[in-house]
Participant: 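Pasting a structure below so you can have a look.
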Amino acid sequence: MGAVGLQTHIWANNTRSIILLVTFPLLLVGILYGVQLMLMGVGFLPGTGRGLGDDMALAASWLGATVPMAFVAAAIWFAIAYFGSQTMVDMFTGARKVERKTEPDLYNLLENLAISRGMRTPTLRIIESDALNAYATGLHEGQYSITLTRGLVNAMTRDEVEAVMAHELTHVINKDVRTMVIASIFAGIISVIAELVFRGLMYSGGGRRSENKNAAPLMLIGMAFAIVGFVLALVIRMMLSRTREYVADAGAVELTKNPDAMISALRKVEGRSDVKGPDELQQLFLDNQPNGVGLEGMFASHPPIEKRVQALIRFGGGRDPGVWSGQPETPARATSVPSAG
């Protein structure tokens with residue numbers, strides 16, 4: 001039976017997230033096994049001198065020692081990334097914290113939304129960029145933050161900015177932010193391991209000649225393990241992003257009771273959302289949809305704006321204003337919003 005209703009979608013997504021995140025340690029083991037096979041193939045690790053099956057069994061036996069070491073290294077990396085995630089995000093994007101006295105209208109909008117859900121107001125941050133985008137970060141109460149670009153603030157009306165804030169606040173309420181940050185950390189670990197291994201093999205490819213008669217098949221099998229693990233990590237990360245954007249769009253409508261504002265905000269963002277940052281951070285954005293098709297679209301971290309708009313029209317009853325011409329409108333800051341407290 002398919003999920004029915006917003007809360008059911010949230011439960012389904014959270015269950016899927018747990019299952020998918022549990023697979024990351026398994027992927028790490030698979031990649032590590034593939035790396036050992038490749039190192040055996042190039043002669044950096046000793047083989048049995050017998051058949052291919054014996055060499056593969058020997059590599060598997062080493063996992064008893066190498067897996068714990070890999071997990072300890074991953075745990076240290078995870079701890080550093082977990083506690084320093086906001087600082088790193090701000091460094092990558094140039095985001096800065098703002099207060100009510102410097103951005104009163106934006107701050108009051110966010111505060112009103114948070115109060116309506118009985119939660120502590122997240123920190124408000126701004127990126128001085130002409131791009132139109134936003135994202136939420138944070139791992140626990142008191143650390144949550146919502147960031148907007150200056151381009152988005154200037155281009156959108158008050159209702160549209162409120163809808164974007166409600167979208168990001170929904171990610172916070174549904175614990176999407178925590179899940180995505182953790183998934184990004186795991187994906188980053190796997191990505192770096194894969195890159196280091198392949199760079200190391202390329203650099204040392206001519207430095208040592210393997211005498212293992214199984215060198216070629218060991219290399220092929222090892223590369224298959226490593227590549228499959230890396231691709232699955234990428235796919236899992238994309239799946240986590242895609243399934244949540246629809247729910248966050250619906251949550252924004254539930255918070256604001258204004259599907260038209262969410263739709264028009266998405267139309268304005270379309271094709272104007274390019275904010276520089278690592279791939280692991282791009283998936284947190286309101287939009288990160290490439291203009292390309294085929295494989296580029298297949299591996300996009302977000303569903304196309306068109307599909308999100310159609311979903312809002314179908315399930316939220318909104319109206320589509322069409323593609324935005326890019327002409328400026330009355331920005332959000334021009335409207336004074338009374339403080340909720």
Side-chain angles (χ1 to χ4, degrees), residues 5-11 13-14 85-86 89-90 95-127 132-150 152-181 244-266 268-269 284-286 312 315-318 330-341:
L6 179 59
Q7 189 59 50
T8 307
H9 278 292
I10 294 171
W11 291 335
N13 280 337
N14 287 341
S85 60
Q86 188 62 60
V89 169
D90 290 346
R96 60 177 178 84
K97 181 180 177 181
V98 295
E99 306 288 348
R100 188 199 302 272
K101 62 182 179 182
T102 56
E103 298 285 349
D105 299 332
L106 294 176
Y107 192 96
N108 290 339
L109 273 177
L110 180 57
E111 184 179 60
N112 290 340
L113 286 169
I115 289 175
S116 72
R117 283 298 180 263
M119 61 183 294
R120 183 173 173 179
T121 304
T123 301
L124 178 63
R125 284 179 163 81
I126 293 289
I127 300 175
L132 276 62
N133 222 321
Y135 60 87
T137 49
L139 294 163
H140 53 76
E141 186 73 23
Q143 194 191 53
Y144 293 125
S145 176
I146 289 178
T147 303
L148 308 174
T149 62
R150 182 65 66 187
L152 183 142
V153 174
N154 290 338
M156 294 193 178
T157 65
R158 173 194 177 278
D159 287 347
E160 291 165 349
V161 172
E162 183 183 43
V164 170
M165 286 183 170
H167 172 103
E168 300 304 333
L169 196 63
T170 300
H171 281 310
V172 172
I173 294 170
N174 296 348
K175 309 300 182 185
D176 294 345
V177 176
R178 180 188 302 169
T179 302
M180 295 307 301
V181 169
R244 280 169 160 69
E245 294 309 314
Y246 291 112
V247 177
D249 288 343
V253 174
E254 184 182 58
L255 277 169
T256 64
K257 313 302 181 187
N258 191 348
D260 291 351
M262 188 69 243
I263 292 174
S264 59
L266 289 174
K268 287 185 176 181
V269 166
L284 299 175
F285 291 166
L286 173 67
L312 286 170
F315 298 108
T330 303
R333 65 171 66 189
T335 305
S336 177
V337 183
S339 172

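Nothing here was measured: the structure is a model prediction, and the numbers come from that model.
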Participant: Yes or no on side-chain contact (heavy atoms from CB on, under 4.5 Å) for Thr149 and Tyr135, after CA distance, side-chain angles and deciding distance?
Facilitator: CA-CA 9 Å; Thr149 62; Tyr135 60 87; over 6 Å; no
Participant: Could you tell me whether the side chain of Glu160 and the main chain of Thr157 form a donor-acceptor pair under 3.5 Å?
Facilitator: yes
Participant: Please tell me if the side chains of Thr123 and Ile146 come closer than 4.5 Å, counting only heavy atoms from C-beta onward.
Facilitator: no
Participant: Does a side-chain heavy-atom distance below 4.5 Å link Leu124 with Lys97?
Facilitator: no
Participant: Ignoring hydrogens and geometry, is there a side-chain-to-backbone donor-acceptor pair from Glu103 to Val98 under 3.5 Å?
Facilitator: no
Participant: Do we see a donor-acceptor contact under 3.5 Å between the side chains of Gln86 and Thr137?
Facilitator: yes
Participant: Mind listing the closest non-hydrogen atom pair of Lys175 and Tyr144 along with its distance?
Facilitator: NZ-OH, 3.7 Å
Participant: Looking only at atom types and distance, does a side-chain atom of Lys257 sit under 3.5 Å from a main-chain N or O of Glu254, one as donor and one as acceptor?
Facilitator: yes
Participant: Is any side-chain heavy atom of Asp249 less than 4.5 Å from a side-chain heavy atom of Leu266?
Facilitator: yes
Participant: If every non-hydrogen atom of Ala166 is compared with every non-hydrogen atom of Ala252, which pair is closest and at what distance?
Facilitator: CB-CA, 3.7 Å
Participant: Will you find, in the side chains of Arg244 and Asn174, an N or O donor that is under 3.5 Å from an N or O acceptor?
Facilitator: no
Participant: Return the minimal non-hydrogen interatomic distance between Thr170 and Ala248, and the atom names on each side.
Facilitator: CG2-CA, 3.8 Å
Participant: Under 4.0 Å between a side-chain nitrogen and a carboxylate oxygen: does that hold for Glu111 and Arg120?
Facilitator: no
Participant: Heavy atoms only: give me the nearest Asp260-Gly318 pair and the separation to one decimal.
Facilitator: OD1-CA, 3.3 Å
Participant: State, with a plain yes or no, whether a side-chain heavy atom of Asn133 is found less than 4.5 Å away from one of Leu152.
Facilitator: no
Participant: Evaluate the side-chain proximity of Leu106 to Met165: yes if any heavy-atom separation is below 4.5 Å, no if none is.
Facilitator: yes
Participant: Mind checking the CD-CG spacing from Glu245 to Asp176? Nearest 0.5 Å is all I need.
Facilitator: 8.0 Å
Participant: Salt bridge between Arg96 and Asp90, side-chain N to carboxylate O under 4.0 Å?
Facilitator: no
Participant: Rounded to the nearest 0.5 Å, what separates atom CD1 in Ile126 from atom CG in Leu148?
Facilitator: 5.0 Å
Participant: About how many Å separate OG1 of Thr121 and CZ of Arg100, when rounded to the nearest 0.5 Å?
Facilitator: 8.0 Å
Participant: Taking atom CZ of Arg117 as the centre, report whether more than 12 heavy atoms of other residues, nucleotides or ligands fall under 6.0 Å from it.
Facilitator: yes
Participant: Within a strict 4.5 Å, meaning less than it, do heavy atoms of the Met119 and Leu169 side chains meet?
Facilitator: yes
Participant: Over all heavy atoms of both residues, which pair between Ser145 and Thr147 is shortest? Give the atoms and the distance, please.
Facilitator: OG-OG1, 4.0 Å
Participant: Quick check for you: to the nearest 0.5 Å, what is the distance between Phe285 atom CZ and Glu168 atom CD?
Facilitator: 10.0 Å
Participant: Is the shortest side-chain heavy-atom distance between Val253 and Phe315 below 4.5 Å?
Facilitator: no
Participant: Given Val247 and His171, is the side-chain contact (heavy atoms from CB on, under 4.5 Å) satisfied, shown in steps?
Facilitator: CA-CA 9 Å; Val247 177; His171 281 310; over 6 Å; no
Participant: Considering all heavy atoms of both residues, which atom of Val164 and which atom of Ala134 are nearest to each other, and what is their separation?
Facilitator: CG1-CB, 3.6 Å
Participant: Look up atom CG in Leu132 and atom CZ in Arg150, then write down how far apart they are to the nearest 0.5 Å.
Facilitator: 12.5 Å
Participant: Does the side chain of Leu113 reach to within under 4.5 Å of the side chain of Glu162, using non-hydrogen atoms?
Facilitator: yes
